[in-house]
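This report refers to the structure that appears directly beneath it.
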Amino acid sequence: MSTFTLPGPLGTMTIEPLDVTTTVGHLHAWITHPRSVFWGMPDADLDTVRREYERIADNPHHHAWLGRLDGEPLFLAETYEPAHSELANHYPVLPGDVGMHVLVAPPTGEPRHGTTSAVMHTVLAFIFAQPAHRRVVVEPDVRNEAIAAKNAEAGFVVERLIRLSDKQARLSFCTRAAFTASTSDPTDLVTPPEHLNPAAIATAHRHLVTKAIAEFSHERLISPELDDQVPAGPGGDGYRLATTGQVSYRFQARRYSLDHWLIDPTSLTRDVAGAPAPLDALELVIELQATLGIPPKLLGTYLEEISATLAGAAWKHHHRREQAADLAHADFQTIESAMTEGHPLFVANNGRIGFGLTDHTAYAPEAGADVRLVWLAVRRDLSAFTAGHGVDEQTHYLAELGTETLRRFADRLRALGLDPDDYRYLPVHPWQWEHKVGITFAADVAARSIVPVGTGADRYRAQQSIRTFFNIDQPHRHYVKTALSIQNMGFMRGLSPAYMRATPPINDWVAELVAADDTLRDCGFEVLRELASVGYTGDAYHRSGAPVSAYQRMLAALWRESPVPRIGSRQRLATMASLLHRDHDGAHLATALVAASGLPAADWVARYLRAYLRPLLHCLLRYDVAFMPHGENLILVLEDHVPVRVFMKDIGEEVVALHDRELPSAVERIRMPVDDDFRVLAIFTDVFDGFLRFLAAILDTDRVLPAAEFWRLVAECVRAHGDDHPELRDRLDFFTPTFRHSCLNRLQLRNTLQMVDLTDQAGSLIYAGTQDNPIATVLAPAR
């Protein structure tokens with residue numbers, strides 16, 4: 001970590017990681033001084049002090065820091081994670097809590113007035129400089145009246161006295177707001193976010209305007225025209241788009257199958273009344289409002305989602321610098337957090353309405369920050385736990401939380417006079433606890449129907465789907481998917497307890513179907529079961545009997561299997577979305593993987609299609625079962641940089657049975673009988689248009705594999721499945737010349753609050769004519 005610097009009235013204060021070897025002499029003198037009696041080491045010799053701080057250096061949950069004034073050593077600071085300390089037994093630790101100890105060097109001459117106050121201010125400013133840090137906790141000895149006064153001056157509030165192993169202590173907290181209010185110059189804590197600078201936001205605007213013109217053209221909302229004023233070049237032919245009588249855009253673009261526009265972002269210019277003007281994604285939406293058909297009452301919401309998408313893009317541009325060539329060798333979670341693009345089709349794809357600046361840094365996938373989930377104890381008689389095959393509630397919690405954490409939670413309940421047997425545990429996103437549970441469910445918390453019992457010991461990372469978390473400390477443990485009441489990409493990201501009850505049975509049914517099929521096993525295709533769910537229904541919103549709304553989707557969670565235990569020692573994992581990733585310098589990860597594999601590109605693509613496309617074809621043709629197989633819903637298993645099989649996830653919400661045959665009663669909700677013209681869209685729209693058109697263009701423009709050859713390989717994959725399964729070949733015609741052009745941005749533009757009616761998903765779709773099938777004339781299917 002780099003040195004933290006803060007100018008002040010006494011001089012320049014700095015904080016740096018403690019180097020035990022060079023500072024042990026200072027530490028020994030400070031710690032054993034009579035003024036440091038409350039540090040608890042008055043008789044320690046030099047070796048004891050050295051061993052203590054070497055122990056701290058080896059502890060990932062405890063850190064020591066050296067503070068200087070104008071370059072001279074002045075103070076020692078320690079920060080620690082309360083969840084991994086004795087304090088975890090005395091209060092429910094919350095996300096963003098940081099423990100602190102401070103020791104100021106005894107004066108060697110005339111004491112300087114205000115030194116201790118300046119040190120306290122510096123250490124707290126250092127801690128709160130990390131956006132994920134929300135509250136500082138201290139536990140000074142009750143006899144230390146001097147530090148109690150300094151703590152109060154800095155904004156700490158004593159909650160209560162507690163008995164620790166070595167002292168009676170004042171358990172005290174200082175929030176960010178309390179510290180800001182206490183400082184003599186609160187403006188030094190409010191500075192412009194680093195990523196919101198002219199260069200980063202200009203890059204974000206250029207990227208988003210490029211994408212908007214490309215995808216709105218793809219969906220036939222706008223029609224750029226060939227323009228002789230833009231000479232053809234490396235980026236393709238020249239085009240012009242007039243959005244109003246005063247505003248026009250010019251650019252170079254290549255056009256591929258499926259009306260895919262690959263626009264060269266460096267060529268894009270904007271003119272207003274004949275004069276050059278900066279690119280502005282918000283202005284583009286305003287210019288096109290009538291053309292896009294955004295309802296006036298929802299225009300502000302869509303603009304807010306565009307603004308949030310811009311902010312996220314600027315953050316990624318400023319902070320994420322991983323090279324595609326390096327990511328080709330990276331681990332699962334490094335790749336997951338390195339993605340600089342959300343869903344490839346949607347223009348407003350990082351809305352996250354509800355997140356603030358610190359929330360983005362703490363919880364956005366690209367931030368790659370460690371998160372500890374908040375755990376609530378909820379009354380058993382007011383909640384439901386649903387388990388899949390082979391899952392027992394008690395055993396499940398023991399495996400996911402461990403004996404010590406469960407004991408801590410139970411002790412918390414007993415301390416309130418409650419019986420742990422009357423409760424079960426529900427994991428909650430930290431944002432959801434702070435912004436929703438403690439306010440929207442205040443009556444339930446006060447009545448002890450909901451009891452916050454603290455954070456778990458394990459650290460998690462947010463995935464690309466934002467409300468799903470991967471366990472960093474125990475990767476074999478399950479993912480946790482939480483309710484999150486933010487608006488993102490056309491939906492409020494909640495979870496309904498009622499909906500969650502059917503999720504494990506649906507997953508069991510799909511997993512059994514997949515596991516029993518020889519073709520799917522041969523492809524290595526597997527699903528990650530959502531094997532347990534929990535939801536709270538004791539609130540007024542459920543008791544009211546009102547139709548299901550966002551208020552009934554705030555307190556539920558589910559657990560999904562981790563893929564980590566299922567891969568071999570030579571295999572790695574990567575989200576399939578990463579194949580479309582483009583790094584800061586414009587290099588694509590897919591191209592880097594092909595290069596690293598050493599295989600001819602056609603062989604690499606053929607193996608990928610066998611792992612991805614063939615199982616989806618088989619599930620549709622054999623069982624009339626379709627998934628939502630976009631990039632974030634599949635995890636690639638890479639071996640020697642080649643996809644050899646895939647894991648399908650997010651089953652409960654996005655699998656459908658496209659038939660009218662009998663289903664188990666617990667699985668009935670996934671039935672969606674449709675005709676063959678709609679059934680083929682499970683491949684044409686969701687696979688060809690939703691993912692493969694992007695990959696084909698990337699490999700073509702990078703001169704890895706011509707687009708025509710790519711689609712020939714796709715056709716060969718389809719035909720090979722038909723040759724292997726002649727009894728299924730004629731069920732659906734994947735070589736039909738055209739298919740209906742289903743448009744997803746049109747759904748979001750029509751209603752950015754809820755893109756589709758979940759009770760009638762097929763009827764919610766919007767079409768824009770037909771698309772030419774890119775494999776129709778590539779290979780004649782064998783008959």
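The environment of Arg661 atom CZ is dense: over 12 non-hydrogen atoms of other residues, nucleotides or ligands sit within 6.0 angstrom. Enclosure of atom CD in Glu727 by more than 12 non-hydrogen atoms of other residues, nucleotides or ligands within 6.0 angstrom is indicated.
Residue pairs that meet the salt bridge (Lys or Arg N to Asp or Glu O under 4.0 Å) test with at least one member in residues 591-611, sequence neighbours left out, are Asp522-Arg610. Screening residues 693-717 for ring pair (Phe, Tyr, Trp, His ring centres under 6.0 Å) gives His260-Phe694, Phe688-Trp711 as the qualifying pairs, with residues at least two apart or on separate chains. Among pairs with a residue in residues 511-521, those fulfilling salt bridge (Lys or Arg N to Asp or Glu O under 4.0 Å) read Asp518-Arg521, at least two apart in sequence or across chains.
Thr340 and Glu366 share no side-chain donor-acceptor pair at under 3.5 Å. Counted by atom type alone, Asn745 and Glu219 present one or more donor-acceptor pairs between their side chains at under 3.5 Å. Residues Ser337 and Arg461 bring no donor and acceptor atom of their side chains to less than 3.5 Å of each other. His741 and Asp689 share no side-chain donor-acceptor pair at under 3.5 Å.
A salt bridge links Glu561 and Arg529; the closest N-O separation between the charged side-chain nitrogens and carboxylate oxygens is under 4.0 Å. In this structure, Arg679 pairs ionically with Asp624, as a charged nitrogen and a carboxylate oxygen lie closer than 4.0 Å. Ionic pairing of Glu526 and Arg645 is present here: one or more N-O contacts between side-chain nitrogen and carboxylate oxygen are shorter than 4.0 angstrom. No salt bridge links Arg493 with Glu653; every basic N to acidic carboxylate O contact stays at or beyond 4.0 Å.
For the pair Gln487/Glu305, a side-chain contact is recorded, criterion being any heavy-atom separation below 4.5 Å from C-beta on. The shortest side-chain heavy-atom distance between Val347 and Tyr302 falls under the 4.5 Å cut-off. Side-chain contact check for Thr519 versus Asp724: every heavy-atom pair is 4.5 Å or farther apart. Between Ser257 and Asp772, every side-chain heavy-atom pair lies at or beyond the 4.5 Å cut-off. Under the 4.5 Å side-chain criterion, counting only non-hydrogen atoms from C-beta, His588 is not in contact with His581. Looking only at side-chain heavy atoms (C-beta outward), Leu692 and Leu258 stay at 4.5 Å or farther from each other. His725 has its side chain out of reach of Leu621: every pair of non-hydrogen atoms, C-beta onward, lies at least 4.5 Å apart. Between Asn349 and Thr309, the closest side-chain pair of non-hydrogen atoms falls below 4.5 Å.
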Checklist entry - Between Thr701 and Tyr256, is a side-chain contact (heavy atoms from CB on, under 4.5 Å) present by the stated rule, with each step listed? => result CA-CA 11 Å; Thr701 195; Tyr256 290 92; 4.2 Å; yes
Checklist entry - Would Glu632 and Met339 satisfy side-chain contact (heavy atoms from CB on, under 4.5 Å), going step by step from the backbone distance to the final call? => result CA-CA 11 Å; Glu632 293 176 8; Met339 297 301 94; over 6 Å; no
Item to check | Criterion side chain to side chain donor-acceptor pair (under 3.5 Å) on Gln432 and Ser485, from CA distance to verdict | outcome: CA-CA 7 Å; Gln432 194 79 348; Ser485 298; 2.9 Å; yes
Item to check | Derivation of the side-chain contact (heavy atoms from CB on, under 4.5 Å) call for Arg566 and Phe647 | outcome: CA-CA 10 Å; Arg566 300 198 201 173; Phe647 292 110; 3.8 Å; yes
Checklist entry - Could you go step by step and tell me if Arg477 and Glu400 meet the salt bridge (Lys or Arg N to Asp or Glu O under 4.0 Å) rule? => result CA-CA 6 Å; Arg477 287 180 172 172; Glu400 287 299 295; 5.1 Å; no
Item to check | From CA spacing to verdict: side-chain contact (heavy atoms from CB on, under 4.5 Å), Lys649, Thr468 | outcome: CA-CA 11 Å; Lys649 63 185 183 69; Thr468 301; 6.0 Å; no
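The aromatic rings of Tyr612 and Phe691 sit perpendicular, their planes meeting at an angle over 60°, well past the 30° parallel limit. Between His396 and His478, the ring planes are parallel. Angles under 30° get that label, and only those over 60° would be called perpendicular.
The minimum heavy-atom distance between Ala602 and Glu709, with the atom names listed, is CB-OE2, 4.1 Å. When all heavy atoms are compared, the tightest approach of Val718 to Leu613 is CG2-CD2, 4.2 Å. Considering all non-hydrogen atoms of both residues, Asn471 and Asp473 come closest at OD1-N, 3.1 Å. Listed here is the closest heavy atom pair of Val534 and Tyr397: CG2-OH, 4.1 Å. Taking all atoms of both residues into account, the shortest heavy-atom contact from Ala328 to Leu589 is N-CD1, 3.5 Å. Of all heavy-atom pairs spanning Pro344 and Gly690, the tightest one is CG-O, 4.1 Å.
No donor-acceptor distance shorter than 3.5 angstrom exists from the side chain of Asp640 to the backbone of Val642, with no hydrogens or angles considered. The main-chain N or O of Glu530 is found under 3.5 Å from a side-chain atom of Asn507 such that the two form a donor-acceptor pair. Remark: side-chain polar atoms of Thr482 are paired, donor with acceptor, to backbone N or O of Arg467 under 3.5 angstrom. Listed for the Ser562 side chain is a donor-acceptor partner under 3.5 Å among the backbone atoms of Pro475. Remark: the backbone N or O of Asp650 is not paired with any side-chain donor or acceptor of Asn633 at under 3.5 angstrom. Formation of a donor-acceptor pair under 3.5 Å by the Arg572 side chain with backbone atoms of Ala330 is found in this model. Judged by distance alone, the side chain of Arg220 and the main-chain N or O of Ala768 form a donor-acceptor pair under 3.5 Å. Between the Gln463 side chain and the Pro365 main chain, no donor and acceptor come within less than 3.5 Å of each other. With hydrogens and angles disregarded, no donor-acceptor distance shorter than 3.5 Å links the side chain of Ser496 to the backbone of Arg553. Of the possible polar contacts, none joining the His641 side chain to the Leu593 backbone as a donor-acceptor pair under 3.5 Å is found.
The CZ atom of Phe684 lies 4.0 Å from the CG atom of Asn773; values are rounded to the nearest 0.5 Å. Between Gln552 atom CD and Tyr536 atom OH the span is 13.0 Å, to the nearest 0.5 Å. Between the OG1 atom in Thr386 and the CG atom in Leu531 there is a gap of 12.0 Å [rounded to 0.5 Å]. Between the CZ atom of Arg560 and the OG atom of Ser533 there is a distance of 12.5 Å, given to the nearest 0.5 Å. Note: Ile335 CD1 to Ile635 CD1 = 11.5 Å, rounded to the nearest 0.5 Å. With rounding to the nearest 0.5 angstrom, the CG atom of Leu681 is 6.5 Å from the OG atom of Ser742.
Judged by a 6.0 Å distance limit and a 45° cone about the ring axis, Arg669 is positioned over the six-membered ring of Tyr499. Phe385 does not carry Arg424 over the face of its six-membered ring by the limits of under 6.0 Å from the centre and within 45° of the normal.
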